[in-house]
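Computed from a prediction, not measured in an experiment: that's the story for all the values here. Letters A, B, ... mirror the listed sequences (proteins, then strands); counts begin at 1.
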Protein chains: 2
Amino acid sequence: MATVSRVVNGNPNVKPSTRKKVLAAIEQLGYRPNAVARGLASKRTTTVGVVIPDIASPFFAELARGIDDIASMYKYNIILCDSDERIERELHLTNTLLEKQVDGIVFMGREITENHMQVFTTASVPIVLAGTKDPTGQLPSVDISHYEAGYDATKHLIEKGHKRVAMVTGPLIDPLAGMRRFEGYKKALDEAGLTFKDSYVYNGNFRYESGLDAVEQFMSLVEQPTAIFAASDEMAVGVIHGIQDRGLRVPEDVDVIGFDNIRLAEMVRPRLTTVVQPMYDIGAVAMRLLTKYMNNEKVENHIVILPHRIEERQSTKSNAGFDGEKEAE
Amino acid sequence: MATVSRVVNGNPNVKPSTRKKVLAAIEQLGYRPNAVARGLASKRTTTVGVVIPDIASPFFAELARGIDDIASMYKYNIILCDSDERIERELHLTNTLLEKQVDGIVFMGREITENHMQVFTTASVPIVLAGTKDPTGQLPSVDISHYEAGYDATKHLIEKGHKRVAMVTGPLIDPLAGMRRFEGYKKALDEAGLTFKDSYVYNGNFRYESGLDAVEQFMSLVEQPTAIFAASDEMAVGVIHGIQDRGLRVPEDVDVIGFDNIRLAEMVRPRLTTVVQPMYDIGAVAMRLLTKYMNNEKVENHIVILPHRIEERQSTKSNAGFDGEKEAE
DNA sequence: CTGAAAGCGCTAACAA
DNA sequence: TTGTTAGCGCTTTCAG
């Protein structure tokens, strides 16, 4: 019994000859170790929980790939839970995962509330946040700087000579991908001496249709924006199509920049200039970080901020020269 | 001890007053039942395994959503395993899931080999295939008729008057989404008296780039096709862009029809006419079917074929009238 | 309706 | 190097 356990677990204290015999018997009988019993006895399940807002979102799916790749590299399986972006569900799923005795959890979500903190901090296993960050900075997390990224995207447009720069934001209830990117936009405007206008902001929901709707708002203005920053690639593509559907051209009439760099960014004409977020890496690093906690390894920085950059494609004009206008201030 | 178990599991044989007391104590102590111990004792883990070729593929992600929704409706959790389209990995993951004592498995994959059958048929829990089907028809499965769908798509093009209809296939090693759709294409051609030409076929891999490459092949021909059927929406969008990049127009110069109806089909100009496959439903029905097997319910049809249909959008000409040509035969 | 007792299949000391 | 012995935390008879 114990020897079989040793063989199955690769314990070296087994005489090679008996190991052979055990292995033969295992093969013979088609014996399959019971991971549940093992989990109960050893208190390790080699399973980690993953909470994801929407598995069908290209952004989160890519994070999930990063998580899964590293997890399988470390021989962990993943219990994947789609929270459908609902907070009560996030909490409930986290508790279920804890009941299932996962060795750790990677949590993806939008907003981290007090309730989240309560559940997370009382958990007996490590939890790391991927693609988000808790407001108090207590929890380990892996993300980019949404503020900087929003600032950079806007500045990129301003540097091309644009004075009338609009933004399609995400839901502002989302403190990072929604609010912080928006704040970065305002900062860039401010720094360039451009006045912020409410009519140049459309609150979207990251989806394609929001981009279409945003264009409807912007193009009904007397002073139409000449450049648009969308907080997601999907919305940016919606913006491009909205513009094209009106007979205008991108980037000749309007420059467009997106956010994320999902594959869609290359599957549109013109190809989308966008802020690239290392989605796969965010997932991978988060999972790697989790393995360290699960193995009680030392971790120096529990909050990791990965770099972003701008990938310039064809939806923004390449020439810096531009028929500037002065009315915009 | 036993009474607590009864309370936790909702067993009615408990006096309401003691139930109250137990519940209070649970709350008081912050007691969290251990699902692993429960699984060992009861031999049910309320967890199902899901094998998926690529979590980042919009097609499979949508299936996964269907699976997950129904699973959570029935209080199951999901261990999600990305096989990365590699057969050995599929087999290995299936075995791991079995070791983890999942109550059932939903399997998504391309080809079902002898080796698969061996593992599947010796498993002690039910396994259902989603988005595929085993060649022998022994295993429960949920899918569409790829042959019919390929036939319908091609016929749709032919009925618009096209004589030169090309196809971008999936990998022909994929017996269904690759081969069967292709066979349907050939059937429709044959039935319409059109001769099949090798040069009108491009073997793609379902990805966007394949569509681009296919156009390169097709447009180098003396007799260029006037209509193209792509076996996936991604490839179809690649085809559209390939055509547009050459200064031609869709559908004025070439009609294009895709396959799947992923969200991308609406996020392109012109919007893509496509064969709609009920992706979410395939996943949902597969999971529902699995629950029946797990509960030992009667199942009448273990192979279910869901309907497909063609959604006509702007990438195919709406008028049946067409400047036909006769050289094509 | 409740409690006692026997496992579920394994791991982890401990002894031998 | 191997076997023995306790559990892991629950469910499930079986008495009472």
Side-chain angles (χ1 to χ4, degrees), chain A residues 1-49 75-77 79 95-104 122-125 294-296, chain B residues 1-49 75-77 79 95-104 122-125 294-296:
Chain A
M1 181 80 256
T3 301
V4 172
S5 176
R6 280 186 274 261
V7 170
V8 170
N9 292 299
N11 184 318
N13 296 96
V14 181
K15 204 202 299 174
S17 70
T18 46
R19 175 187 305 279
K20 286 248 154 34
K21 272 190 267 184
V22 171
L23 254 16
I26 284 178
E27 177 71 13
Q28 181 86 163
L29 307 174
Y31 166 76
R32 218 177 336 231
N34 181 324
V36 171
R38 177 186 297 185
L40 183 60
S42 69
K43 310 192 149 312
R44 301 192 67 242
T45 55
T46 60
T47 302
V48 303
K75 312 278 184 223
Y76 284 98
N77 287 106
I79 299 186
N95 276 315
T96 304
L97 289 170
L98 262 13
E99 286 185 6
K100 295 240 168 167
Q101 310 300 119
V102 294
D103 295 336
T122 61
S124 49
V125 296
M294 293 188 298
N295 294 328
N296 298 310
Chain B
M1 181 82 256
T3 300
V4 173
S5 176
R6 280 186 273 261
V7 170
V8 170
N9 293 299
N11 184 318
N13 296 96
V14 182
K15 204 202 303 175
S17 70
T18 46
R19 176 188 304 279
K20 288 249 154 28
K21 272 191 265 182
V22 170
L23 254 14
I26 284 178
E27 178 70 12
Q28 181 86 162
L29 308 173
Y31 167 76
R32 209 163 1 217
N34 181 324
V36 172
R38 177 185 297 185
L40 184 59
S42 68
K43 309 193 153 311
R44 299 191 69 242
T45 54
T46 60
T47 301
V48 304
K75 311 281 185 220
Y76 284 98
N77 287 107
I79 299 186
N95 275 315
T96 304
L97 289 170
L98 262 13
E99 287 185 6
K100 296 238 167 167
Q101 311 300 120
V102 294
D103 295 335
T122 61
S124 48
V125 295
M294 293 189 297
N295 294 328
N296 299 310

Going by atom types only, do Lys100(B) and Thr47(A) share a side-chain donor-acceptor pair under 3.5 Å?
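The criterion, which ignores hydrogens and geometry beyond distance, is satisfied for Thr47(A) and Lys100(B).
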Side-chain donor-acceptor pair present, Asn13(A), Arg6(A), cut-off under 3.5 Å
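There is no such pair (donor and acceptor under 3.5 Å, judged by atom type) between the side chains of Asn13(A) and Arg6(A).
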Through what angle, rounded to 10 degrees, does the axis of the helix from dC1(C)-dG16(D) to dA16(C)-dT1(D) turn between its ends, using five pairs per end?
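Roughly 30°, once rounded to the nearest ten degrees.
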With no hydrogens and no angle check, is any side-chain donor or acceptor of Asp103(B) less than 3.5 Å from a backbone partner on Arg44(B)?
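Flag not set: sc Asp103(B) to bb Arg44(B) has no pair under 3.5 Å.
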Between the side chain of Asn9(B) and the main-chain N/O of Asn11(B), is any donor-acceptor distance below 3.5 Å?
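Not confirmed, Asn9(B) side chain does not pair with Asn11(B) backbone.
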When you compare the side chain of [Y] with that of [X], does any pair of heavy atoms fall below 4.5 Å?
{"X": "Val8(A)", "Y": "Ile26(A)", "result": "yes"}
{"X": "Asn34(A)", "Y": "Glu99(B)", "result": "no"}
{"X": "Val48(B)", "Y": "Ile79(B)", "result": "no"}
{"X": "Arg19(A)", "Y": "Val7(A)", "result": "yes"}

Rounded interatomic separation in angstrom, taking [atom1] from [X] and [atom2] from [N]:
{"X": "Lys100(B)", "N": "dC10(C)", "atom1": "NZ", "atom2": "C1'", "result": "15 Å"}
{"X": "Gln101(B)", "N": "dG9(C)", "atom1": "CD", "atom2": "C1'", "result": "9 Å"}
{"X": "Arg44(A)", "N": "dC10(C)", "atom1": "CZ", "atom2": "P", "result": "18 Å"}
{"X": "Asn11(A)", "N": "dA13(C)", "atom1": "CG", "atom2": "P", "result": "12 Å"}
{"X": "Lys20(A)", "N": "dT1(D)", "atom1": "NZ", "atom2": "P", "result": "14 Å"}

Any side-chain N or O of Thr3(A) less than 4.0 Å from the OP1 or OP2 oxygen of dG3(D)?
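So the side chain of Thr3(A) is within the cut-off, an N or O lying under 4.0 Å from OP1 or OP2 of dG3(D).
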Whether each nucleotide of nucleotides 5-16 of chain D has a protein heavy atom under 4.0 Å at its base (B), only at its sugar-phosphate (S) or at neither (-) is summarised, 5' to 3', as --BBBBBB----
